[in-house]
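Keep in mind the model is a prediction, meaning the values are calculated, not measured. Letters go in sequence order (proteins before strands), and every chain restarts at 1.
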Protein chains: 2
Amino acid sequence: MQKLAFIGFGVVGQGLAEILIKKKDELKSKYGFDYSVVAVSDFKLGSALDNNGLDLGKVLELSADGKISEYPGATTGLDALETIKQSDADTVIEVSYTDIKTGEPANSHFRAALEGGKHLITTNKGPTALFFKELAALADSKGVQFRYEGTVVAGTPVLNLGEFTLAGNEITEIRGILNGTTNFILTNMEAGRAYDEVLKEAQELGFAEADPTADVEGFDALAKVVILAKSVMGADISPEDVDRTGITQISLEDIEAAKADGKRWKLIGKVTRDGSGVKASVKPEKVALTEPLAAVGGATNALTFVTDLLGEVTIVGPGAGKIETGYSQHAVPS
Amino acid sequence: MQKLAFIGFGVVGQGLAEILIKKKDELKSKYGFDYSVVAVSDFKLGSALDNNGLDLGKVLELSADGKISEYPGATTGLDALETIKQSDADTVIEVSYTDIKTGEPANSHFRAALEGGKHLITTNKGPTALFFKELAALADSKGVQFRYEGTVVAGTPVLNLGEFTLAGNEITEIRGILNGTTNFILTNMEAGRAYDEVLKEAQELGFAEADPTADVEGFDALAKVVILAKSVMGADISPEDVDRTGITQISLEDIEAAKADGKRWKLIGKVTRDGSGVKASVKPEKVALTEPLAAVGGATNALTFVTDLLGEVTIVGPGAGKIETGYSQHAVPS
């Protein structure tokens, strides 16, 4: 029986909770995975801890009204750090919000979990991009797992593909479409619609933020590039090392010119091996229509691995979504 | 130290041997995998067995002239079955030729290996498609692994993706481009070239057989569909249950008509869950240009998994090639 603690219980946490409830029997019979949720702590929705186990359905119900702290009989009102410390959890699921600049407060949650000998599973890009090496070393020294599949392309298993499924290959380049919002904008601009109009639609659909800077200026994709560089390619780079340009300078004329050339603009995140180091960038590139990445439209994401044995292998899948990202917290083969 | 025996030493066997030699140190340091090749048996190139280990480079050298049986100091001249029986191998690598109708003689090799308590790794579609269930049960009962990644889309890790990396998902449909020769023909016909002319080029390039029936009539893709149905979807079907049509009836006019419609003809292999069973087919389908499969050109292969949690996840990669297929024999995460 794995004891789980949720730190953060927003869209992703709730998506995972729904999967865990729906698939409880299957996870047990098919994979031998049985769980009990002992704590849930969300800074907006409240917190509850009971080391004998909480009813996850009840937590979901209470969370709808922001009243997790009213869970009957549980220890309530603990903040994230106290929740991690006081819980008996074997595994902490850190799905609170990402701060790409400092990584806090998630970074402190990560360290408290690992220091406490708890496995850590996360979708949180900030601390993973900034402190990957230290976190991986800390997890190693404590004999626990640090898993972060959901930080890049949601639940589409790109990191597992790079680490396990392509094992034995030398990966010389990774390039891909790592941000759904910008791909949605570029895809719609190809139909002749103006940038501002499409951005507004993306905001109304709820997948672009009111302040779209992180997406359209490439900061979101940049964090993912750093994670790929560090985790899959073992490189020692920091966010400042990534050559970054957003999509705001792409005009309808640029798009038409590319089309006439048999190409299509995509915001491409890329890490290329370069001697003992790597070169990394996020910038708009004209991709030939014959490349798999060119065919990836809308909010879908995709990643091409360039390998020594297989040549190019591309995986295409959802880059966002409640259930799609919740799924990224699944156990890895190990 | 894993002791390996090669049954079959053609293009795929030699491709794997080259990888094993080139990556010997890396496989040991990075994955803890150390090996010794104790036997190689090929019905055309000869055979050699030494349970103290053969020099794999020397075997490759001798194989170039079809003189493996001249390996100094080894037991030579054994056929495949005797090689399996007399070797101390922990793992048999079965990469002899495929007979899709009877599965022989590979099927007998498979059974001798598994009965003897040896792991079995193979690219051999015939027996895998025909006898998957019995082979998997036999391997289970002997406590050994039966691994067959290379039977579908060469070394592109489609089966590992379905079995491990997408674990937790219910897979409701798998559809894809499973035959490189037919995709090469269709891609070139889109440029206005006639079927016969492109087929001839594919034959000259060495990736279509003199008798192209297995490719162009869909039998090769059919065997892969059966393997996917049995292994990833756990279905109980036989080759006769697959609705099969080849590409020979597709005309340049059909291709133009599809183009005008925003679509593209592809030979699609498909397995769809249907109640407690599955429906399976191999036939030309018009794929919308917005689908990832439409963008897969030339001899490349691709597979889309339709899942309950992630929606559609597509993997695109090489479907043939000496090193690309040799790689499929890599160890799996388990």
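A:Glu26 touches chain B through its side chain: at least one heavy atom from C-beta onward sits under 4.5 Å away, while N, CA, C and O do not. Both the backbone and the side chain of A:Leu310 come within less than 4.5 Å of a heavy atom of chain B.
Counting all heavy atoms, side chain and backbone alike, B:Phe132 lies closest to B:Ser231 at CZ-CB, 3.5 Å. A:Thr304 and A:Glu312 get closest at one heavy-atom pair: CG2-OE1, 3.8 Å. Heavy atoms only, all atoms of each residue included: B:Ala154 and B:Pro318 are closest at CB-O, 3.8 Å. A:Asp34 and A:Lys24 get closest at one heavy-atom pair: OD1-NZ, 3.4 Å.
Few gaps surround NZ on B:Lys259; more than 12 heavy atoms of other groups in view lie less than 6.0 Å from it.
Residues of residues 171-190 of chain B having a heavy atom under 4.5 Å from any heavy atom of chain A: none.
A:Leu120 is not listed as a side-chain neighbour of A:Tyr148, based on a closest heavy-atom distance of 4.5 Å or more. A:Arg147 is not listed as a side-chain neighbour of A:Glu149, based on a closest heavy-atom distance of 4.5 Å or more.
Your options are B:Val316, B:Asn169, B:Val296, and the one with the most heavy-atom pairs under 4.5 Å with chain A is B:Val316.
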